[in-house]
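Contents: one structure, followed by commentary.
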Amino acid sequence: MKRRLLLLLPLLVFLGMGFFLYRGLGMDPSARDSALLAQKFPAFSLSTLKDPSRHVDESLLEGEITLVNVWAEWCPTCKEEMPQLLTLAERGVRLVGINYKDTRAKGQEFLDEFGDPFEVNIFDPDGDLGFELGVYGVPETFLVYTKSIIRYKHTGYITPGDVEQVMKEVEKWQ
């Protein structure tokens with residue numbers, strides 16, 4: 001009798017693991033709030049994409065509500081998102097980009113081809129700033145309040161339908 005129960009043990013373990021895996025597949029990882037909400041934007045000192053001799057730091061984000069968009073040339077959804085970012089810029093939203101794990105040449109080619117809605121693009125070739133922000137996939141967008149406080153995070157690309165929601169978040173903090 002004990003031997004038969006021991007033979008069933010692997011099956012029970014397999015079924016238990018299968019249940020938790022199935023349950024996890026139904027979860028939406030983009031629905032998680034950022035641990036950085038209501039926190040100061042991480043400290044950094046990096047060059048800009050266009051000018052390697054110009055360095056910027058977190059003080060760039062003080063004094064004005066800013067959407068900080070993490071993007072990359074190698075990211076297909078970043079290309080889909082660019083028209084919405086251009087629309088937000090046309091509507092008066094200040095945008096700062098973080099060119100993530102890219103080369104300077106590829107990042108500039110991307111902007112030349114798809115448009116450049118950004119006031120400044122921070123060059124983050126090693127992804128250190130992205131890591132500090134908890135980025136696990138590009139694009140990701142953060143709304144940074146005037147005192148460098150992160151107030152909102154949008155995971156994934158901003159679709160045409162998301163533009164109004166993003167505008168509401170911007171207006172809420174103005």
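Since this is a predicted model, take the numbers as computed values, not measurements.
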Next on the checklist: Test your reading of the model: is there a side-chain donor-acceptor pair from Asp124 to the backbone of Leu129, 3.5 Å cut-off?
Outcome noted: yes
Item to check | Flag side-chain contact, heavy atom, 4.5 Å: Leu67 against Leu88 | outcome: yes
Item to check | Close side-chain approach of Met167 to Val93, heavy-atom, < 4.5 Å | outcome: yes
Item to check | Side chain to side chain, Val138 and Thr77, heavy atoms closer than 4.5 Å | outcome: no
Checklist entry - Backbone N or O of Lys106 within a donor-acceptor pair of the Thr103 side chain at under 3.5 Å? => result yes
Item to check | CZ-CG distance between Arg91 and Leu86, expressed to the nearest 0.5 angstrom | outcome: 13.5 Å
Item to check | From Cys75 atom SG to Glu80 atom CD, the distance as rounded to the nearest 0.5 Å | outcome: 8.5 Å
Checklist outcome for this item: Distance col, row Tyr145:OH vs Lys172:NZ, nearest 0.5 angstrom, shows 12.0 Å
Checklist entry - Looking only at atom types and distance, does a side-chain atom of Glu132 sit under 3.5 Å from a main-chain N or O of Pro42, one as donor and one as acceptor? => result no
Item to check | Check: Val70 and Thr141 side chains under 4.5 Å, non-hydrogen atoms | outcome: no
Checklist entry - Which pair of heavy atoms, one from Lys147 and one from Lys40, lies closest together, and at what distance? => result O-NZ, 3.1 Å
Checklist outcome for this item: salt bridge (charged side-chain N to carboxylate O under 4.0 Å, His left out) filter on Glu73, not counting sequence neighbours, yields none
Next on the checklist: Could you tell me if the side chain of Asp116 sits less than 4.5 Å from the side chain of Lys50, heavy atoms only?
Outcome noted: yes
Checklist entry - Taking the side chain as C-beta and beyond, is there a heavy-atom pair between Val135 and Tyr100 under 4.5 Å? => result yes
Checklist entry - Does a donor on one side chain sit under 3.5 Å from an acceptor on the other, for Thr48 and Asp51? => result no
Checklist entry - Rounded to the nearest 0.5 Å, how far does CZ of Phe41 lie from OG of Ser59? => result 12.0 Å
Next on the checklist: So Pro160 and Gln84, do their side chains get closer than 4.5 Å, heavy atoms only?
Outcome noted: yes
Next on the checklist: According to ring-ring contact (aromatic ring centres under 6.0 Å, His included), who are the partners of Phe110, at least two apart in sequence or on a separate chain?
Outcome noted: Trp71, Phe114
Checklist outcome for this item: Ser47 meets the side-chain contact (heavy atoms from CB on, under 4.5 Å) criterion, sequence neighbours left out, with His55, Arg104, Phe123
Checklist entry - From Leu49 CG over to Ile122 CD1, what is the distance, rounded to the nearest 0.5 angstrom? => result 10.5 Å
Item to check | Tyr157 versus His154, closest heavy-atom pair with distance | outcome: O-NE2, 3.3 Å
Next on the checklist: Please check: side-chain N/O of Asp162 versus main-chain N/O of Val166, any donor-acceptor pairing under 3.5 Å?
Outcome noted: no
Checklist entry - Is there side-chain contact between Ile65 and Thr146, with heavy atoms separated by less than 4.5 Å? => result yes
Checklist outcome for this item: For Glu81, the salt bridge (charged side-chain N to carboxylate O under 4.0 Å, His left out) test, sequence neighbours excluded, returns none
Next on the checklist: When you compare the side chains of Asp57 and Ser45, does any donor N or O come within less than 3.5 Å of an acceptor on the partner?
Outcome noted: no
Next on the checklist: side chain to side chain donor-acceptor pair (under 3.5 Å) for Thr66 and Arg94? Distances and angles first, verdict last.
Outcome noted: CA-CA 5 Å; Thr66 305; Arg94 179 182 189 231; 2.7 Å; yes
Checklist entry - Where do Pro139 and Asn69 come nearest, in terms of heavy atoms and distance? => result CB-ND2, 4.3 Å
Checklist entry - Which residues satisfy the salt bridge (charged side-chain N to carboxylate O under 4.0 Å, His left out) test with Glu90, sequence neighbours excluded? => result none
Checklist outcome for this item: Output for pair (Phe131 CZ, Asp126 CG), nearest 0.5 Å, gives 13.0 Å
Next on the checklist: Checking Gln108 now: which residues fulfil side-chain hydrogen bond (donor to acceptor under 3.5 Å, both in side chains) with it, not counting sequence neighbours?
Outcome noted: Asp112
Checklist entry - In terms of side-chain geometry, is the basic nitrogen of Lys168 or Glu171 positioned less than 4.0 Å from the acidic oxygen of its partner? => result no
Next on the checklist: Check this for me, if you would: do Lys153 and Glu140 make a salt bridge, where the nitrogen-to-carboxylate-oxygen distance has to be below 4.0 angstrom?
Outcome noted: yes
